[in-house]
Chemist: 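My questions all concern the structure below.
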There are 2 protein chains.
Amino acid sequence: MPDSALKTPAPDSRTLADQVFTRLQDDIVLGVLKPGTKLGEAELAARYGVSRGPLREAIRRLESRKLLERIPHVGTRVASLELADLIEIYRVREALEGMAARLAAEQMTAAEVAGLWELLALHEQQQDLQDDVAYFQHAGDLDFHYRIIQGSHNRTLIDLLIGEIYHRVRMYRYQFSMTANRPRKALTEHRRIAEAIEARDGEMAELLMRRHISRAREYLEARQAPGSSDTNRSPTT
Amino acid sequence: MPDSALKTPAPDSRTLADQVFTRLQDDIVLGVLKPGTKLGEAELAARYGVSRGPLREAIRRLESRKLLERIPHVGTRVASLELADLIEIYRVREALEGMAARLAAEQMTAAEVAGLWELLALHEQQQDLQDDVAYFQHAGDLDFHYRIIQGSHNRTLIDLLIGEIYHRVRMYRYQFSMTANRPRKALTEHRRIAEAIEARDGEMAELLMRRHISRAREYLEARQAPGSSDTNRSPTT
DNA sequence: CTGGATCAGATTGTCGACAATTGTCCTTGC
DNA sequence: GCAAGGACAATTGTCGACAATCTGATCCAG
């Protein structure tokens with residue numbers, strides 16, 4: 001639930017099209033509408049209590065974000081996320097978040113760095129207590145990356161990552177009920193990235209972030225390879 | 001004009017909304033509609049001979065691509081591109097195209113590599129003849145990057161770069177009538193990137209591509225800095 | 001003369017109905 | 001019995017009209 005910071009438009013958007021866009025996106029990301037489901041416009045319009053006009057606008061925007069697949073004159077389906085797609089996304093994340101970490105090391109304010117350490121302290125505490133493990137994997141881990149992305153102070157980079165990429169990552173996590181496979185290691189890597197940022201070492205921050213994400217991708221590729229078919233477990237990144 | 005390969009939807013889209021989307025995008029990118037222009041829906045609807053319905057869908061899609069800026073209940077304006085925005089985009093290109101070059105070195109087929117060399121030979125020939133310089137800067141240079149991006153064989157990466165980023169780069173070029181400032185150096189760098197790809201050296205290809213784009217960005221930053229206000233000249237990347 | 005509130009005009013947001021296209025099912029011929 | 005063709009139904013694409021909201025210009029008060 002603490003995904004509040006990840007929503008794109010204003011929470012109480014004034015226009016109906018924005019409201020239904022937000023609600024539809026949440027229903028897709030959280031798994032209420034499962035991948036492959038065929039969505040009739042009339043059905044959805046009744047579901048959200050709006051006309052087909054605003055609904056169509058929301059559909060087009062979700063289609064741009066790759067959360068919906070539409071075929072003209074045929075219909076709209078919820079995008080089905082293959083593991084191969086997620087691996088592709090991790091390649092993009094490796095490049096983009098590596099750059100974000102580099103820029104964050106150069107551009108983050110002292111207050112932002114302090115906030116980063118507070119977040120890590122919170123994570124460490126929660127992990128020691130084995131408290132709410134789910135939080136760490138979902139919003140917790142994402143929040144760490146989220147702060148570094150914002151720390152880049154590069155609007156284009158932020159919009160791309162938060163607005164175009166992360167929705168699909170979150171969709172994957174909720175869809176497969178992902179459980180972190182190595183939270184302790186991930187936390188250590190997070191801490192080292194924070195150290196590099198605090199030291200204003202951009203190159204090191206980029207290297208560590210890329211390695212961090214690359215390891216998660218390699219884990220996914222191992223799951224994809226034939227022969228290894230364990231239960232749903234996922235990297236923490 | 002040889003931008004045919006850069007268009008997003010099918011050229012003869014069946015639905016009216018797609019057609020007006022394509023035409024509107026071209027008018028924005030090519031500078032027919034200049035940045036900051038206020039666009040009335042009724043006016044545009046008459047301009048393209050469609051109703052406001054399909055037009056609004058096109059507007060939403062262009063807004064997602066950051067080519068239009070919309071304020072609810074107020075209106076839509078053509079996105080005004082500051083030099084600072086272009087510099088931000090070049091940071092993203094450095095990260096993304098660096099990764100693309102790495103993947104291209106690993107994934108490109110022999111035929112694709114051959115096509116890359118043919119393109120470079122064509123560029124070299126045109127430059128020797130001082131023939132059509134404009135081609136090299138606009139479509140020519142973009143085509144080189146375009147091929148490497150596609151060579152990554154990563155659908156997510158391709159869609160991001162071609163579908164979300166490059167439109168704004170093209171818009172900038174047409175807007176400022178950019179003239180290459182160092183075509184010879186750029187061609188040499190292109191050739192070295194191709195060599196690394198042919199040698200299947202992913203790390204080297206990424207390094208060279210990042211340096212290539214980074215230099216162009218540094219040139220833009222120099223133009224942005226106070227004191228240097230020469231005429232409109234731009235890097236070739 | 002300046003500042004703020006009010007009102008008119010225009011523009012955007014929303015809705016319901018009509019037209020066009022697609023997929024399906026039935027019929028028909030071989 | 002099977003395949004090809006056609007007609008029907010359902011869904012999407014498109015349109016015009018109505019309602020809600022913002023801009024600006026005018027008018028009034030201080």
Side-chain angles (χ1 to χ4, degrees), chain A residues 7-28 33-80, chain B residues 7-28 33-80:
Chain A
K7 282 170 186 165
T8 309
D12 58 339
S13 302
R14 225 17 183 286
T15 158
L16 274 184
D18 287 342
Q19 290 179 23
V20 63
F21 167 77
T22 302
R23 292 177 59 186
L24 223 183
Q25 177 174 252
D26 285 346
D27 284 345
I28 295 173
L33 267 36
K34 281 163 190 166
T37 306
K38 183 177 179 181
L39 301 178
E41 293 185 357
E43 171 194 359
L44 285 182
R47 193 183 207 277
Y48 296 110
V50 295
S51 176
R52 276 181 54 209
L55 181 85
R56 283 174 67 87
E57 293 189 4
I59 288 178
R60 291 311 184 295
R61 283 160 70 177
L62 271 323
E63 184 197 2
S64 289
R65 294 194 170 183
K66 303 285 164 58
L67 290 179
L68 291 179
E69 296 172 352
R70 187 178 67 90
I71 302 177
H73 294 285
V74 174
T76 308
R77 313 179 70 87
V78 179
S80 51
Chain B
K7 279 170 187 165
T8 308
D12 59 338
S13 302
R14 229 11 187 289
T15 157
L16 274 184
D18 286 342
Q19 290 180 24
V20 63
F21 167 77
T22 302
R23 292 177 59 186
L24 223 184
Q25 178 173 252
D26 284 347
D27 285 345
I28 295 173
L33 268 36
K34 281 163 189 167
T37 305
K38 183 178 179 180
L39 301 178
E41 294 185 356
E43 170 194 359
L44 285 183
R47 193 183 207 278
Y48 296 110
V50 297
S51 177
R52 276 181 54 210
L55 181 84
R56 283 174 68 88
E57 294 188 3
I59 288 179
R60 291 311 186 296
R61 284 161 70 177
L62 269 325
E63 184 196 2
S64 290
R65 295 194 169 183
K66 302 285 164 56
L67 290 179
L68 290 178
E69 295 171 352
R70 188 178 65 91
I71 302 176
H73 294 286
V74 174
T76 308
R77 312 178 70 86
V78 178
S80 52

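Quick note on labels: first sequence line is chain A, next is B, and so on, each numbered from 1.
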Chemist: Specify the separation, in whole Å, of atom CD of Glu41(B) and atom C1' of dG13(C).
Modeler: 8 Å
Chemist: Please list, chain by chain and in numerical order, all residues satisfying side chain to side chain contact (heavy atoms under 4.5 Å, CB included) with Thr37(A), sequence neighbours excluded.
Modeler: Lys34(A), Leu39(A), Val78(A)
Chemist: Among Thr15(A), Leu55(A), Leu62(A), find the one that has a side chain to side chain contact (heavy atoms under 4.5 Å, CB included) with Phe21(A).
Modeler: Leu62(A)
Chemist: Which part of the nucleic acid does Leu39(A) contact within heavy-atom distance under 4.0 Å: base, sugar-phosphate only, or nothing?
Modeler: sugar-phosphate
Chemist: Between the protein and nucleotides 14-20 of chain D, list every N/O to N/O distance that falls short of 3.5 Å.
Modeler:
unit_1  : atom_1 : unit_2   : atom_2 : d
dT14(D) : OP1    : Thr15(B) : OG1    : 3.3
dT14(D) : OP1    : Leu16(B) : N      : 2.3
dT14(D) : OP2    : Thr15(B) : OG1    : 3.1
dC15(D) : OP2    : Ser51(B) : N      : 2.9

Chemist: Restricting to pairs with a member in residues 67-78 of chain B, which pass side chain to side chain donor-acceptor pair (under 3.5 Å), not counting sequence neighbours?
Modeler: Glu63(B)-Arg70(B)
Chemist: Is there a side-chain contact between Leu24(A) and Leu33(A) in this structure, where contact means two heavy atoms from C-beta onward sitting under 4.5 Å apart?
Modeler: yes
Chemist: Between atom CD in Glu43(A) and atom C1' in dA10(D), what is the gap in whole Å?
Modeler: 14 Å
Chemist: Check the distance between dT22(C)'s C1' and Arg77(A)'s CZ and give it to me in whole angstrom.
Modeler: 15 Å
Chemist: Write down the distance between NZ (Lys38(A)) and P (dG23(C)), rounded to a whole number of angstrom.
Modeler: 9 Å
Chemist: Does the side chain of Arg60(B) get closer than 4.0 angstrom to OP1 or OP2 of dT12(C) through an N or O atom?
Modeler: no
Chemist: Can you name the residues that form a salt bridge (Lys or Arg N to Asp or Glu O under 4.0 Å) with Arg47(A), not counting sequence neighbours?
Modeler: Asp27(A)
Chemist: Taking salt bridge (Lys or Arg N to Asp or Glu O under 4.0 Å) as the definition, give me every residue that meets it alongside Arg52(A), ordered by chain and number, with sequence neighbours left out.
Modeler: Glu41(A)
Chemist: Return the CD to CZ distance between Glu57(B) and Arg61(B), rounded to the nearest 0.5 Å.
Modeler: 8.0 Å
Chemist: What heavy-atom pair brings Ser80(B) and Gly36(B) nearest, and what distance separates the two atoms?
Modeler: CB-N, 4.5 Å
Chemist: Of all the base pairs, Watson-Crick or G-U under 3.5 Å, which form stems of three or more consecutive pairs involving DNA chain C?
Modeler: C:1-30 with D:1-30
